[in-house]
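Here is the structure we will look at, set down as structure tokens.
Read the numbers this way: they start at 1 and go in the same order the structure lists the ligands and their atoms. We count residues from 1, following the sequence as given. Fair warning: this is a prediction, and the values are worked out from it, not measured in the lab.
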Amino acid sequence: MECLFCKFISGEIKPEKVFENETVLGFKDIYPQAKEHYLFISKTHTENINNLTSSHGEQLTEVYSAIKDFTESNDLSTDGFRIVTNMGKNGGQTVFHTHFHVLGGEAMGRFGS
Ligand code: AMP
Ligand code: ZN
């Protein structure tokens with residue numbers, strides 16, 4: 001198995017988990033880009049958001065619902081947070097298992113490089 005995040009799911013490598021249920025894993029990003037920076041993934045491997053089809057609707061809802069539960073129970077949702085998904089080379093994607101960055105704990109700047 002080549003995928004880093006699939007190794008997190010199988011337990012072969014242990015990330016700093018912040019959330020887990022049957023279908024979703026959330027963990028701290030190793031190079032935080034905000035005071036709080038987490039990654040949320042579905043336990044079912046897909047490469048990136050452009051590999052999703054209508055059959056993955058439930059998978060997406062599960063991830064977003066996990067983010068909602070996590071941010072509500074960790075006081076991130078009061079002041080808000082940002083979700084980012086990078087797709088492909090120009091998007092800056094480096095790990096090819098669909099993932100959602102959750103950034104918060106401070107006000108985010110505007111977009112741009
Ligand atoms: P992206 O660049 O959007 O594909 O996001 C991949 C993210 O994975 C980056 O923000 C990395 O900092 C993060 N990352 C890479 N290796 C690890 C790791 N071992 N544990 C936690 N996060 C990681
Ligand atoms: Zn994977």
*Is there any N or O on Val95 that sits under 3.5 Å from an N or O of ligand 1?*
yes
*Per-residue contact class, Phe100 against ligand 1 - non-hydrogen pairs under 4.0 Å*: neither
*asked:* Please report the interatomic distance CG(Asn51) to NE2(His45), rounded to the nearest 0.5 Å.
replied: 8.0 Å
_Nearest-0.5 Å distance that lies between atom CZ in Arg82 and atom NE2 in His101_ = 12.5 Å
_For atom 4 (O) of ligand 1, the protein heavy atom that lies nearest, with its residue and separation_ = Thr94 N, 2.7 Å
_Backbone of Ser77 reached by a side-chain donor or acceptor of Lys68 within 3.5 Å_ = no
*Taking a hydrophobic cluster as the set of Ile, Leu, Val, Met, Phe, Trp and Tyr residues connected by side-chain heavy atoms closer than 4.5 Å, whether directly or through intermediates, do Met87 and Phe5 fall within one such cluster?*
no
*How close do Val24 and Ala66 get, heavy atom to heavy atom, and via which atoms?*
CG1-CB, 3.6 Å
*Tell me, which protein residue and heavy-atom name are nearest atom 23 (C) of ligand 1, and how many Å apart are they?*
Ile30 CG2, 3.4 Å
_Within reach of ligand 1, part of His101 (heavy-atom separation under 4.0 Å)_ = side chain
*Could you tell me whether the side chain of Gln33 and the main chain of Tyr31 form a donor-acceptor pair under 3.5 Å?*
yes
*asked:* Under a 4.0 angstrom heavy-atom cut-off, which atoms of ligand 1 come close to Gln93?
replied: 4 (O)
*asked:* To check your reading of the model: name the closest protein heavy atom to atom 19 (N) of ligand 1, its residue, and the distance in Å.
replied: Phe8 CZ, 3.5 Å
*Taking a hydrophobic cluster as the set of Ile, Leu, Val, Met, Phe, Trp and Tyr residues connected by side-chain heavy atoms closer than 4.5 Å, whether directly or through intermediates, do Phe40 and Ile49 fall within one such cluster?*
yes
*Please state the angle at the Zn ion (ligand 2) spanned by ND1 of His45 and ND1 of His97: what is it, rounded to 10 degrees?*
100°
*Is there a side-chain contact between Thr98 and His56, using heavy atoms and a 4.5 Å cut-off?*
no
*With atoms numbered from 1 as shown, which atoms in ligand 1 lie under 4.0 angstrom from a non-hydrogen atom of Leu4?*
16 (N)
*Hey, which atoms in ligand 1 end up nearer than 4.0 Å to a heavy atom of Phe5?*
8 (O)
_Atoms in ligand 1 with a heavy atom of Asn86 nearer than 4.0 Å_ = 1 (P), 3 (O)
*Please report which non-hydrogen protein atom sits nearest to atom 12 (O) of ligand 1, along with the residue it belongs to and the distance in Å to one decimal place.*
Asp29 OD1, 2.5 Å
*Would a distance-only check, ignoring hydrogens and angles, find a side-chain to backbone donor-acceptor pair under 3.5 Å from Glu106 to Met108?*
no
*Name the one of Tyr38, Phe100, Phe8 that satisfies ring pair (Phe, Tyr, Trp, His ring centres under 6.0 Å) with Phe27?*
Phe8
*Going by the atom numbers of ligand 1, which of them fall below 4.0 Å from some non-hydrogen atom of Gly92?*
1 (P), 2 (O)
*At under 4.0 Å between heavy atoms, which part of Leu39 makes contact with ligand 1: side chain, backbone, both or neither?*
side chain
_Donor-acceptor pair, side chain of Asn48 and main chain of Asn50, under 3.5 angstrom_ = yes
*Note the single closest protein heavy atom to atom 1 (P) of ligand 1, along with its residue, its atom name and the distance in Å.*
His99 NE2, 3.2 Å
_If I take the Zn ion (ligand 2) as the centre, what angle separates the SG atom of Cys3 from the SG atom of Cys6? Nearest 10 degrees is fine._
120°
*Which part of Thr85 is near ligand 1, with near meaning a heavy atom under 4.0 Å away: side chain, backbone, both or neither?*
neither
